[in-house]
Structures are given as C-alpha cells and as structure tokens.
Amino acid sequence: MTDLTLYTFAMSHYSEKIRWVLDAEGLPYREVILTPAFHMLPARRMGGRGQTTLPILQAGGEHIQDSTRILEWLAANRAPLKTLPADAAARAEAMAVEERFDAIGKDVARFLYWTGFDHPGQIKDLWTRHATPLQRAVIQLGYPLIKLGFQRKLRINARDVARAQQRIEAELDWLDARLATGHRWLAGDAFSVADITAAALLAPIARPSQHPVYGEESFAATLPPVARTWQARPALQWVRQLYAEQRGAVRFKT
Ligand SMILES: N[C@@H](CCC(=O)N[C@@H](CS)C(=O)NCC(=O)O)C(=O)O
C-alpha cells in the first residue's frame with residue numbers, strides 16, 4: 001500500500017523526471033497514466049491552479065502539480081532524499097541545473113512534434129496507448145482538431161520551432177562543455193536531481209533503450225533530421241549512459 005499516486009502521460013518527459021526521482025528514492029507509488037485531451041478536466045481540478053499540466057502527485061488528500069513543486073514537496077515531506085542534497089549550497093546548485101533543463105522541456109516537445117506530426121499513425125498510437133476504447137475512438141475521430149489545439153497551445157510553428165532548436169542546442173553545448181571538464185555529474189560530485197532532470201528532459205531526443213516510449217525503434221523515424229546528427233554528441237551519449245547505469249528498464253507502476 002502507498003499513499004502516493006502519480007498522474008502522468010506515458011510520453012511526458014516531466015512525468016518521467018518525477019517517476020525517476022520516486023524510483024531512485026525507493027518511494028512506493030502508484031501511477032495513473034492519462035490520455036491527452038481527456039487529462040484536462042481532471043488535471044485542472046486536481047491541480048487547483050488553473051493549469052492542466054502533468055505530472056501531478058497525490059499524497060493523501062493533497063495534490064501537487066508541477067515537477068519542481070513536487071520535488072519541493074518531497075524535500076519537505078519525505079526527507080532525507082538521496083537525490084536532493086541536504087546542504088543548502090549543494091541543493092541550490094542542483095536546483096539551478098534542474099531549472100535550466102526544465103526550461104527547455106516545452107522546446108523539446110515543440111521541436112519533436114514539428115516532424116512527429118508527419119507521422120499521424122505514430123502520434124495517435126502515442127496518445128491512445130493507455131486510453132479506454134471510447135477515448136481511443138474520440139482521439140481517432142477528433143485527431144485533426146486535437147492536433148490543431150496542440151499546435152496552438154504549444155506554439156508548434158516554423159518560427160517557434162527554430163527558436164526551440166536553438167535553445168536545445170545551447171543546452172547541449174552547456175552539457176558537452178560540462179562533461180569535457182571531466183565532470184560525471186551535473187551538480188557537485190554525486191548523482192542528483194540535476195542529472196535526473198537533464199536526462200529525463202533530453203530522453204525524447206537521446207532515445208535511451210530503457211525508456212518505455214522513446215526507446216522504441218519506430219520512434220527514430222519521427223526525429224527531425226538535425227536531431228540525428230546530434231546523436232554522437234557527448235551530451236546525448238551521457239543521457240543514454242545514465243539511463244543504462246542509473247535508471248534501468250522503466251516499468252510503469254500502474
Ligand atoms: N512546469 C511543468 C511543465 C509540465 C508540462 O508541460 N507537462 C506537459 C506534458 S510533458 C503537459 O501536461 N501538457 C499538457 C497540458 O499542458 O495540458 C512541470 O514541471 O511539471
């Protein structure tokens with residue numbers, strides 16, 4: 001039995017970040033995987049902040065929306081955490097790296113959907129894997145409309161996608177430079193939420209084989225061509241190595 005329930009999307013990189021933290025901490029939880037579009041009402045209701053984003057952590061009667069707020073809640077309510085340094089300066093360093101990779105999460109989604117939408121079968125599959133038969137039928141039928149809503153909300157257009165690419169490349173440069181100085185970890189000298197956040201947020205591009213969605217071979221075909229040229233970069237090799245060494249095969253706890 002556990003009092004923690006994590007509401008996610010299977011393919012959400014922010015959700016994967018929290019899944020990974022809970023797994024790394026050995027905190028038992030149950031996962032509820034929601035279906036896009038059908039998540040909006042429950043997420044808005046649970047979050048109570050006028051927002052529809054996942055992940056949301058339910059702890060007893062409390063709902064915490066937003067991955068950073070979830071980390072803060074865990075630090076306050078489930079301390080000590082192995083992945084969040086207790087020392088204030090070390091924690092600030094880890095959270096600064098967490099913040100920089102969180103900041104490109106929407107860019108990563110924008111960048112990948114831009115070419116992903118050329119493969120409607122794949123996207124529909126991604127959106128309906130955990131759907132009920134009725135939800136699946138609605139998504140199949142309403143796909144053009146849902147896609148349009150997505151494109152508007154996430155600003156998936158040529159100009160914003162070009163900017164997203166630049167911002168992702170800047171963080172890959174930062175990560176390459178950090179690794180070039182001989183650092184194995186992104187904050188201090190131990191594995192922390194800094195590493196988890198960078199790897200989870202970049203996983204859709206790095207495609208570690210342990211990832212339950214992005215590790216699939218079929219997903220490679222939907223990647224923007226430029227992302228294929230990034231695969232040999234130290235930053236993306238580091239993401240795959242971290243998954244292999246620290247994460248292992250991801251199993252949903254549904
Ligand atoms: N700042 C939020 C961002 C979460 C986020 O953007 N989640 C996306 C999925 S990766 C989402 O829920 N999108 C659907 C929506 O906004 O309704 C966090 O750290 O949790």
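Values below: every heavy atom of this structure, side chains too, minus hydrogens, waters and symmetry copies. Heads up: numbering here begins at 1 and tracks the sequence. Only a predicted model underlies this, so the values are computations on that prediction, with no experimental measurement involved.
Considering only residues two or more places apart in sequence or on other chains, Trp230 meets the ring pair (Phe, Tyr, Trp, His ring centres under 6.0 Å) condition with Phe111.
Listed here is the closest heavy atom pair of Leu4 and Leu27: CD1-CB, 4.4 Å. Contact detail for Thr83 and Ala24: the closest heavy-atom pair is CG2-CB, 3.9 Å. Heavy-atom minimum distance, Ala190 versus Asp195: O-OD2, 3.7 Å. Contact between Ala75 and Arg91 at its shortest, heavy atoms only, is CB-NH1, 3.7 Å. Minimum heavy-atom separation, Arg49 to Asp66: NH1-CB, 4.1 Å.
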Yes or no on side chain to side chain contact (heavy atoms under 4.5 Å, CB included) for Thr5 and Ile56, after CA distance, side-chain angles and deciding distance? CA-CA 8 Å; Thr5 303; Ile56 294 175; over 6 Å; no
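More than 12 heavy atoms of other residues, nucleotides or ligands sit less than 6.0 Å from atom CG of Asp87.
The pair Arg19-Glu31 meets the salt-bridge criterion, since a charged nitrogen lies less than 4.0 angstrom from a carboxylate oxygen.
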Donor-acceptor list for residues 198-213 side chains, cut-off 3.5 Å, not counting sequence neighbours:
from: Arg207; atom 1: NE; to: Tyr214; atom 2: O; distance (Å): 3.3
from: Arg207; atom 1: NH2; to: Glu216; atom 2: O; distance (Å): 3.1
from: His211; atom 1: ND1; to: Val213; atom 2: N; distance (Å): 3.0
from: His211; atom 1: ND1; to: Tyr214; atom 2: N; distance (Å): 3.1

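Screening Glu98, Lys17, Glu72 for a side-chain hydrogen bond (donor to acceptor under 3.5 Å, both in side chains) with Ser67, the sole residue that qualifies is Lys17.
Residue pairs meeting the ring pair (Phe, Tyr, Trp, His ring centres under 6.0 Å) criterion with at least one member in residues 138-186, sequence neighbours excluded: Phe101-Trp174, Tyr113-Phe150, Trp127-Tyr143, Trp127-Phe150, Trp185-Phe191.
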